[in-house]
Amino acid sequence: MSAAKALEARELKGDLTIKLGRRLIQLTHLDKIYWPDDGYTKGDLLRYYFKVSKYILPYLRDRPLILKRYPDGIEGESFHQHDVDEAPEDLRLVSIEMGDGHKVDYLVGGDLATLLYTANLGAIECHPWHSRIDNLDRPDWIVFDLDPGEGATFDRVCEVALKVRDLLESVGLASYAKTSGSRGIHVFVPLRAEHDYDQAARFAARIASAVARENPAIATVERTLQRRRAGQIYVDHLQNARGKSIVAPYSVRPRPGATVSTPLEWQEVIDRKIGPQDFTIETVLQRISEKGDPFKPVLRQKQRLRQAIKKIGSM
DNA sequence: GGCACTG
DNA sequence: CAGTGCCAACGCTAG
DNA sequence: CTAGCG
Ligand SMILES: [Mn+2]
Ligand SMILES: [Mn+2]
């Protein structure tokens, strides 16, 4: 059966084998409940990823994938998986040598077959590396993970996101925001992959620290939970390292409502009329068809860090 | 979720 | 046959 | 070095 016809059925039940080009992909337990409070099933998850594939796959292409698996749904136990030893032969893998010399076989993103294979394993979220397999030591984006503390509002997250954007802009860099799908915002800075993780991370630390220093009531870079004040937003820059990841644009989250990490226009961050709960596996496709993808420049803009490092150094 | 292994 | 184990690694930094 | 964080 064609993948499209099979997956677009309103109700998905039991198991299904779909053909993608020459590949056969097994999709199992389609009626298993993954979101008990909402009634969404594993079939609903697979249908969403099939329909959004054209938009999400560019952000996964040629990147090692970290799987965070929820085989029994969002309230069941979960585990991380890097080393994938049982993947079908025809899915792309890359063998990456770790610090201690042992090798880990990562799945490589970008193919629909891989996306549906990982979703079928219960990998609700997509977690790509910040670098691509042809240049694993040089990230092609920097991320700022804005995490609201207990009691901090999404309004305040928006406020801090704009501070980050403005500072980046003042050193000559464009940036892009998406909802995390939980309560925060992720700010991405697209890069030409020419600086290594250490240089990128040091730059990110300087930006985050400056935002916290200039806005101490609402932003902090303090990692110790107990020392973050209520209402502050934690500007987490420490994800900018090899082997770490952040959830991809258009990735589903294992959260109530089956929310999706959704790219925003900066004007939406300014207007504060939207919230993370507005974007779910049921609403995001409609939004994309109306507004397009605000993150498109993230894969096109090859920004260079040299001048920006110089400028932040003199501030 | 699926596979290897145990009893 | 049913039941169980397994599937992460690591980078950072305050103390 | 370890503990806590993600
Ligand atoms: Mn974080
Ligand atoms: Mn976060």
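In this text the structure is predicted, and so the values were computed from the model without any measurement. The basis for the numbers below is simple: all heavy atoms, side chains too, and nothing from hydrogens, waters or symmetry mates. Numbered from 1 within each chain, the chains take letters A, B, ... in sequence-line order.
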Inset, instruction - Would you name the heavy atoms of Pro71(A) and Glu77(A) that are closest together and state the gap between them? - result: CD-O, 3.8 Å

Legend entry - Positions of residues 106-135 of chain A (non-hydrogen atom under 4.0 Å from DNA chain B), listed by number: Asn120(A), Leu121(A)

Legend entry - Row check, Trp129(A) ring normal vs Arg242(A) NZ/CZ: under 6.0 Å, within 45°: no

Does the side chain of [X] come under 3.5 Å of the side chain of [Y] through a donor N or O and an acceptor N or O?
X         : Y         : answer
Ser131(A) : Tyr197(A) : yes
Glu282(A) : Tyr48(A)  : no
Ser170(A) : Lys311(A) : no

Between N or O atoms, less than 3.5 Å apart, protein on one side and nucleotides 1-3 of chain C on the other: list the pairs.
none

Inset, instruction - Describe the nucleic acid contact of Arg228(A) in one word from base, sugar-phosphate, nothing, applying a heavy-atom distance below 4.0 Å. - result: sugar-phosphate

Inset, instruction - Mind checking Leu67(A) for me? I need base, sugar-phosphate or nothing, with any heavy atom below 4.0 Å counting as a touch. - result: nothing

Inset, instruction - In whole angstrom, give me the gap between the C1' atoms of dC5(D) and dA8(C). - result: 15 Å

Inset, instruction - Report the distance from atom CD of Gln239(A) to atom CG of Asp145(A), rounding to the nearest 0.5 Å. - result: 6.0 Å

Inset, instruction - Determine, using the 4.5 Å side-chain heavy-atom cutoff (strictly less than), whether Leu46(A) and Leu112(A) are members of one ILVMFWY cluster. - result: yes

Inset, instruction - Assign the ring pair Tyr106(A) / His82(A) to parallel, tilted or perpendicular, where the plane angle (0 to 90°) is split at 30° and 60°. - result: perpendicular

Legend entry - Presence of donor-acceptor pair under 3.5 Å, side chain of His82(A) and base of dA8(C): yes

Legend entry - Qualifying residue, where the test is ring pair (Phe, Tyr, Trp, His ring centres under 6.0 Å) with Phe188(A) and the options are Tyr59(A), Trp141(A), Phe144(A), Tyr176(A): Trp141(A)

Inset, instruction - For Arg69(A) and dC7(C), give me the distance from atom CZ to atom P, rounded to whole Å. - result: 12 Å

Enclosure of [X] [atom1] (heavy-atom neighbours >12, cutoff 6.0 Å):
X         : atom1 : result
Lys32(A)  : NZ    : yes
Glu150(A) : CD    : no
Arg272(A) : CZ    : yes

Legend entry - Bounds of contact between DNA chain B and chain A, in 5' to 3' order, using a heavy-atom cut-off under 4.0 Å: dG1(B) to dC3(B)

Legend entry - Test: Asp90(A) and Arg23(A) ion pair at under 4.0 Å: yes

Legend entry - Hydrophobic cluster partners of Leu238(A) (side-chain heavy atoms under 4.5 Å): Tyr234(A)

Inset, instruction - Have a look at Asp140(A) and tell me which of Arg61(A), Arg63(A), Arg192(A) forms a salt bridge (charged side-chain N to carboxylate O under 4.0 Å, His left out) with it. - result: Arg63(A)

Legend entry - Nucleotide range of DNA chain D lying under 4.0 Å from chain A heavy atoms: dG4(D) to dG6(D)

Inset, instruction - Check DNA chain D against residues 229-250 of chain A and give the residues with a non-hydrogen atom under 4.0 Å, in numerical order. - result: Asp236(A), Gln239(A), Lys244(A)

